[in-house]
Amino acid sequence: MSIISFAIFALIVLAIGWKRDFFLFPSFHWFFSIRWFHTASAFFIYFLFSVIISPIAGKWLKKATFIKESEHVVLSYAAWTNFLNSSAILICLLALFVIFPVCRNIWAKSKHSLLQDLGAALTTWIISFPLVIFVNQGLDWIITNIFHIHHAVDQLAVQFLKMTLGYPVLFVLALISIVVLAPFVEEILFRGFLQSFIRQHLGKKQAIFITSLLFSLFHYSPEQKISNLTIVGSLFVFSLFLGFIYEKTGSLFSAIALHSLFNTVNVVN
């Protein structure tokens, strides 16, 4: 019954947004020369730290400490490694704007008020959240009633956050990583670089769709098992709104704010 309720609520909210012209693209033409090597450099930085440097540093740290491993020690390694890894990626991504000045254009088409971006993010969250919840619950229903799996696995970030609940310092580190660092890193990568690059060649709508598809698949993990259906599906829908608000406002800060707000609500939940 809750699925039907969310479906009706989502349709009502979307209809109100449509009637108030929320879904209209702005008339301005936003073009700047983001090249393939700019985008490739950004993603290279991410995978260099996440796939190579961070795992090697984590293994070295464990060998160097000579501390008997316990749940707290293992969580400490994971929390600090994830926090430092995300921080290093963000710093290196910001350095790209010094190396490639043209890339600074991804932040905003013109001067933007932070309050305007926050307002746009809040409005988009209000319109998108019922639909995302409906898709999430609908896919959960499919997993339960068609695949007959009654114990779906949480997203890895959610699993880790739950594990840190008994350790305040580690919980704060995980919280900062999820609510602050992840939105900045992922929005710079996907909306800032990737969507801007694709937009130049295929147009706004195609750029939003392709970027959203890759963004959702980016969160796929074998450990999440069949729950990937729910996680990837709902993130794809949410990512469509992230891409749209970036194009609508002409400001990356609005997409970052929306992403952060979405993660914050999930953390509170």
Side-chain angles (χ1 to χ4, degrees), residues 2 6 9-10 13 46 50 54 71-72 74-90 114 117-140 151-191 212 215-216 218-221 223-225 227-243 245-246 252-269:
S2 60
F6 265 110
F9 184 54
V13 172
Y46 178 85
S50 299
S54 182
E71 181 185 52
H72 181 258
V74 172
L75 283 175
S76 295
Y77 285 137
W80 279 105
T81 300
N82 184 54
F83 174 77
L84 294 174
N85 178 64
S86 298
S87 300
I89 291 172
L90 180 57
L114 181 59
D117 290 331
L118 291 175
L122 180 59
T123 301
T124 308
W125 179 83
I126 292 172
I127 292 174
S128 65
F129 196 68
L131 179 61
V132 173
I133 293 297
F134 164 66
V135 172
N136 185 281
Q137 290 193 350
L139 292 173
D140 271 343
H151 300 286
V153 179
D154 287 324
Q155 189 176 352
L156 291 181
V158 176
Q159 293 180 41
F160 183 72
L161 189 67
K162 287 180 178 179
M163 292 170 67
T164 63
L165 282 173
Y167 309 98
V169 174
L170 303 183
F171 177 76
V172 170
L173 287 176
L175 195 63
I176 294 173
S177 298
I178 293 171
V179 174
V180 180
L181 296 177
F184 266 94
V185 168
E186 293 180 4
E187 291 312 304
I188 290 174
L189 284 172
F190 286 93
R191 252 55 63 176
S212 297
F215 175 81
S216 58
F218 177 77
H219 291 81
Y220 171 88
S221 175
E223 290 85 355
Q224 292 166 176
K225 301 178 181 179
S227 293
N228 277 300
L229 179 63
T230 299
I231 294 167
V232 172
S234 55
L235 283 178
F236 172 72
V237 173
F238 176 62
S239 184
L240 291 174
F241 284 92
L242 286 170
I245 197 62
Y246 181 43
L252 189 61
F253 291 107
S254 59
I256 292 171
L258 175 58
H259 194 153
S260 181
L261 178 59
F262 182 81
N263 286 5
T264 300
V265 171
N266 284 340
V267 166
V268 172
N269 183 53

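Since the model is a prediction, treat every value here as computed from it, not as a measurement.
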- request: Examine distances only and state if a side-chain atom of N228 and a backbone atom of K225 form a donor-acceptor pair shorter than 3.5 Å.
  value: yes
task: Using atom types as modelled and distance alone, determine if a side-chain donor or acceptor of S254 lies under 3.5 Å from a backbone N or O of Y246.
output: no
field: Parallel, tilted or perpendicular, as decided by the 30° and 60° cut-offs, for the rings of F238 and F262
entry: parallel
Output side-chain donor-acceptor pairs under 3.5 Å for residues 229-237, partner residues at least two apart or in another chain, one line each.
residue: T230; atom: OG1; partner: D140; partner atom: OD1; Å: 3.0
residue: S234; atom: OG; partner: T230; partner atom: O; Å: 2.7
residue: S234; atom: OG; partner: I231; partner atom: O; Å: 3.3

- request: Run the ring-centre check on Y46 versus F218 and record whether the distance is less than 6.0 Å.
  value: yes
Nearest-0.5 Å distance, [atom1] of residue [X] to [atom2] of residue [Y]:
X    : Y    : atom1 : atom2 : result
E186 : L90  : CD    : CG    : 12.0 Å
N85  : S54  : CG    : OG    : 4.0 Å
L252 : F184 : CG    : CZ    : 8.5 Å
T124 : I245 : OG1   : CD1   : 3.0 Å

What pair of heavy atoms forms the shortest contact from [X] to [Y], and how long is it?
X    : Y    : result
I126 : V13  : O-CG1, 3.6 Å
P130 : F6   : O-CD2, 4.1 Å
H259 : L242 : N-CD2, 3.8 Å
D117 : F253 : OD2-CB, 3.5 Å
E187 : A255 : OE1-CB, 3.5 Å

- prompt: Does any non-hydrogen side-chain atom of N82 lie less than 4.5 Å from one of L173?
  reply: no
query: Do F129 and I133 have side chains that get closer than 4.5 Å, going by heavy atoms?
result: yes
Donor-acceptor pairs under 3.5 angstrom involving side-chain atoms of residues 155-165: please list them, not counting sequence neighbours.
residue: Q159; atom: NE2; partner: D154; partner atom: O; Å: 2.6
residue: K162; atom: NZ; partner: D154; partner atom: OD2; Å: 2.5
residue: T164; atom: OG1; partner: L161; partner atom: O; Å: 2.8

